[in-house]
Amino acid sequence: MAEIVFDKVAKDFGGGPVVRDVSLTIPEGEFCVFVGPSGCGKSTLLRMVAGLESITAGEIRIGGKRANDIPPAKRGAALVFQTYALFPHMTIAENLGFGLKIRGAAKAERDAKVLGVAKDLELDGLLERRPRELSGGQRQRVAIGRAMLRDPQVFLFDEPLSNLDAALRVHTRLRIAKLHQDTGRSMIYVTHDQVEAMTLADRIVLLNTGERTAREGSLAQIGTPLELYHHPRSLFVAGFIGAPRMNFIAARVVEAFFDRMVAETASGLRIAAAVCADGIKIGDPVTLGIRPEHVTFGDTLAARVLNVERFGDSSLVYADCAEAKEPIVARAEGGTRLKRGDAVSFAFPAEHVHAFDAQERAVPRSVDPLAQ
Amino acid sequence: MRSNTEAPGTPRDWLQFGLGAVVVAGMCFPALWMIYSSFKTNREIFRTPYALPGTWHWENLTKAWNEGGLGVLYVNSILVTAASVILCAGFATLAAYAFARLEFPGRRVLYRIFLIGLLLPPPAVAIALFTQLRDMGLLNTLWALIFANAAWSLSITLYLMSGYFRTLKREMEEAARLEGADTFRVFWYVILPMVKPAIITTAILNTINIWNELMFALLFISDDASRTLPAGIVRFSGFHSTNYALVFAALTITTVPIMILYFVSQRHVIRGLTAARAD
Amino acid sequence: MAIAAQNNGLGGGRPGEGAGIANLLFVIPALTLYALFVLWPLASSLYYSLTDWDGIGAPRWVGLANFTRAFADDIHLASYVHVTLYILGTLVFEVSFGLVMAVMLNSDRPGFALLRGLFFSPVVLSMSAAGVLWNFVFDYRTGLVNAMLKGIGLGDWAQPWLSQPATALICVMLVSGWKFAGLYMILFFAALRRIPRSLYEAATLEGAGPIRRFFSITLPLLKQNVLICGLLAVTGGFAGFDLFFTMTNGQPYNSTEVPVTWIVKMAFDSDQLGYGIALTVILTVVVSLISLLYLRFAERSHAVEY
Ligand SMILES: Nc1ncnc2c1ncn2[C@@H]1O[C@H](COP(=O)(O)OP(=O)(O)OP(=O)(O)O)[C@@H](O)[C@H]1O
Ligand SMILES: [Mg+2]
């Protein structure tokens with residue numbers, strides 16, 4: 001019922017398109033996360049849904065109705081701002097009850113509803129305080145409470161956790177996930193933190209910036225977190241999703257089959273990848289990619305350890321080699337004995353190797369980790 | 001140049017303070033002289049101009065108050081100042097909100113037109129305004145001063161207020177809008193409480209300017225009943241040009257309140273002035 | 001209008017808000033007041049300045065006659081000379097003095113804030129009160145100045161300060177300085193506070209003394225502020241009236257006549273409103289031209305970033 005449809009949506013502030021060609025359907029009840037580098041237009045898209053920003057071209061439909069010309073308050077969307085946007089001169093109770101008051105609710109009803117939500121969010125002791133007398137986490141909860149009191153069709157969040165410390169972030173993330181389960185409402189959540197994206201999302205929408213937007217539109221890829229992780233559609237997506245970043249090595253195709261490809265680096269090293277390479281010509285340049293967690297210790301690529309980061313449960317090994325400009329990163333077990341200056345040798349299991357053509361498009365993989 | 005600690009001063013710091021204090025004392029002396037001379041007799045002022053009064057003649061103040069009709073002048077000044085300041089603050093805040101936040105046809109042009117007033121000196125229209133007020137039947141009424149002063153304070157007030165609006169985050173307004181508040185209610189419930197500091201600052205600046213305004217008051221008012229303090233003082237000192245004690249008493253009565261207002265609200269005055277003019 | 005499409009972050013262009021005529025309602029009260037009492041008299045001045053009018057009968061069209069008369073009116077021309085001298089005086093007694101005092105009173109030590117507050121206090125006095133007060137200070141028989149001269153044995157130097165052409169204008173300048181130096185002091189002081197202290201510390205480490213630091217750091221960094229304060233002094237000076245009216249009203253022998261005192265005399269004492277209004281038009285043109293030239297000049301020698 002409250003499905004949200006973006007139909008060829010574009011936005012231009014006067015200096016060229018900021019958002020282009022966004023077509024996307026968010027079904028009722030879905031938790032959809034917009035991610036992308038800074039300045040890619042995440043906030044802009046969200047504000048267009050909320051009605052705070054006009055839509056330059058295309059249309060947004062909320063619950064089947066064209067929303068472009070519906071005023072913000074009538075769209076049934078509640079927005080939680082990154083800076084919370086609490087009214088500094090009102091108490092917490094007044095902040096929470098402001099919308100109800102504007103909508104003409106009686107005082108008794110208002111107070112009851114405010115108290116209910118405040119209890120839910122453990123804010124009931126703070127109702128007479130003003131925003132500046134609250135901690136960041138408390139303010140955040142007030143902002144969420146205000147959104148809850150609107151009982152909206154869709155919740156919109158613009159980087160709601162970016163001003164909180166790490167512990168509170170985890171806590172509030174869980175609270176938002178619970179809010180989603182309890183209400184079953186659609187949510188659009190903007191972040192540039194991929195941990196938030198991966199953990200919260202039913203579906204992730206990854207956005208392009210700059211000239212990539214101009215070339216292929218704003219949408220880099222849409223999919224579940226694991227789809228984006230295992231089947232990135234492009235070099236950009238592969239590099240953006242996953243931390244630490246995927247390792248990339250430039251090479252040239254020497255063998256291409258319908259389910260397998262072998263490529264050779266400038267220094268003559270051969271690496272195989274499980275991809276459907278029947279459309280690829282021998283001699284074409286490709287970029288091979290493999291995630292740190294999939295790099296193993298073997299005998300393919302000799303490198304020298306630059307640095308070892310130890311997390312206890314695992315370690316990250318950074319190593320220099322002739323084949324890649326950036327150090328190769330590999331995840332090793334927590335107790336690894338490797339240290340700076342050691343010689344190591346890596347192996348790249350073919351079923352984990354991705355390949356990207358000269359246009360930075362992914363060559364489809366011939367294995368599907370999601371199928372198991 | 002600027003001392004960098006709160007530690008006991010070096011000789012240079014003391015020299016700096018001493019020199020500054022001497023200049024400031026020299027500056028303040030005429031005003032102090034005026035205040036204590038207003039308690040002396042004419043003879044004393046003439047014989048020993050510097051000395052403190054032998055006996056403090058408080059009755060000089062009541063005499064000046066009565067003879068100068070200072071009560072009427074005070075009431076008029078208060079009415080004119082209060083009405084102009086409120087009118088200007090209200091209108092300028094509404095307009096500044098629109099210029100800073102809303103779209104409407106002619107926004108840019110109108111803002112420019114308001115800014116012209118920053119460079120125009122009031123004498124530029126004084127004569128024409130006089131004839132216009134006469135034709136409107138407002139001459140010799142307080143309305144003449146209220147409208148003229150409010151209108152001539154609009155430009156600077158609007159300029160300062162829009163500057164302040166621009167420093168405010170828009171999110172609060174957007175949040176209110178999402179909650180269903182229309183433009184007017186956003187203004188009333190969210191904007192107005194948030195811009196209160198700027199309203200107070202500009203209102204204090206305008207109060208000082210309008211309280212002291214002389215030219216309009218001289219030109220537009222010729223009835224004793226509607227005269228304001230600055231014009232009244234000029235007249236009074238003209239009538240009593242030889243009765244020093246009386247004139248000093250009248251001056252003291254009229255200037256001390258505004259000085260107190262200044263010292264109480266110094267922070268606002270200075271903030272307003274520096275925001276207005278420095279860059 | 002073109003603005004609607006622009007949406008530069010200043011304004012909405014938001015759904016349901018429209019580029020609304022309704023928003024104009026917020027501006028209309030201010031606009032009405034401003035149009036009635038600022039713009040309209042400004043515009044009607046243009047018309048009346050081309051007429052001969054005593055203020056009572058119907059204005060009679062005389063074309064540019066008022067203006068040709070103005071340029072042959074010796075006192076009027078002289079008033080611009082006086083006001084120019086006066087402005088030069090204010091640049092010294094107000095702006096430069098204010099700058100020096102801003103530097104001298106720039107300190108965080110206790111007591112300096114009080115000195116600044118006191119130094120500023122004449123600014124809030126009314127001009128008329130200041131004028132009346134200083135009339136007594138400069139009075140020939142009982143004034144403070146002459147009494148002081150007598151006190152230190154220089155009784156011969158006593159002067160009728162305000163009633164002789166040689167000294168009257170200077171006295172007005174001094175009083176103007178007394179009244180307004182505090183304003184410029186505060187403006188410069190605020191600007192001084194924005195200069196990072198590290199610059200002075202660096203210069204001190206290089207061995208620069210206080211004078212050197214003033215000329216090679218303070219002054220260059222305050223350039224923009226000096227320019228703006230200069231503009232204030234110039235435009236304010238041309239419109240000067242209150243102090244002249246209360247202290248000398250053009251006397252003696254029109255030696256302190258400035259444009260506005262002369263305008264008021266022409267219009268009200270001589271009932272020549274048409275002519276008086278023509279003089280206000282000239283004043284407006286002069287002030288606007290100077291402001292525009294000045295701003296253009298100030299814009300070219302841009303603000304200093306630090
Ligand atoms: N009101 C505006 N006027 C002009 N340009 C704007 C405006 N708002 C945003 N932009 C531009 O649009 C682009 C997208 O901005 P947006 O705020 O949507 O980015 P974002 O993806 O939310 O970035 P971040 O992660 O830094 O918040 C930016 O390049 C920004 O400069
Ligand atoms: Mg953003």
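Note on naming: letters A, B, ... go to the chains in the order of the sequence lines (proteins, then strands), and numbering restarts at 1 for each one.
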Next item on the list: Starting from the C-alpha separation in whole Å, work towards a yes-or-no answer on ring-ring contact (aromatic ring centres under 6.0 Å, His included) for B:Tyr262 and C:Phe120.
Entry: CA-CA 10 Å; B:Tyr262 158 65; C:Phe120 181 84; 5.3 Å; yes

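With a 4.5 Å cut-off on side-chain heavy atoms, B:Leu110 and B:Phe104 count as touching.
Considering all non-hydrogen atoms of both residues, B:Phe220 and B:Ala126 come closest at CE2-O, 3.9 Å. When all heavy atoms are compared, the tightest approach of C:Val132 to B:Ser237 is CG2-OG, 3.5 Å.
Heavy-atom pairs under 4.5 Å with chain C were tallied for B:Ile113, B:Leu261, B:Thr254; the largest tally goes to B:Ile113. Options C:Tyr34, C:Phe245, C:Phe119 differ in how many heavy-atom pairs under 4.5 Å they form with chain B, and the most are formed by C:Tyr34. In terms of non-hydrogen atom pairs under 4.5 Å with chain B, the most contact-rich of C:Thr280, C:Leu133, C:Ile277 is C:Leu133. In terms of heavy-atom pairs under 4.5 angstrom with chain B, the leader among C:Leu36, C:Leu125, C:Ile28, C:Val281 is C:Leu125.
Both the backbone and the side chain of B:Phe114 come within less than 4.5 Å of a heavy atom of chain C. Interface residue B:Phe147: backbone and side-chain heavy atoms are both found under 4.5 Å from chain C. For B:Ile208, the part sitting under 4.5 Å from any heavy atom of chain C is the side chain, from C-beta outward, and nothing else. Proximity to chain C is limited to the side chain of B:Trp33, based on heavy atoms less than 4.5 angstrom apart. For a residue to count as touching a neighbouring chain, one of its non-hydrogen atoms must lie under 4.5 Å from one of that chain's; by this rule B:Leu214 touches chain C with backbone and side chain alike. Neither the backbone nor the side chain of B:Leu158 comes within contact range of chain C, judged by heavy atoms closer than 4.5 Å. Proximity to chain C is limited to the side chain of B:Leu251, based on heavy atoms less than 4.5 angstrom apart. For chain C, the nearby part of B:Leu154 is the side chain; its heavy atoms alone come within less than 4.5 Å. With a 4.5 Å cut-off on non-hydrogen atoms, B:Leu229 does not touch chain C at all.
Between the side chains of C:Thr235 and C:Tyr294, no donor-acceptor pair of N or O atoms lies under 3.5 Å.
Side chain of C:Asn106 to main chain of C:Arg193: no donor-acceptor pair is present (N/O by atom type, distance under 3.5 Å, no hydrogens or angles). Looking at C:Arg213, its side chain never comes within 3.5 Å of a backbone N or O of C:Ala203 through a donor-acceptor pair.
A perpendicular orientation is assigned to the rings of B:Trp14 and B:Phe17, their planes being inclined by more than 60° (bins at 30° and 60°). Ring-plane geometry between C:Phe26 and B:Phe187 is classed as perpendicular, the angle between the planes exceeding 60 degrees on a 0 to 90 degree scale with a lower cut at 30.
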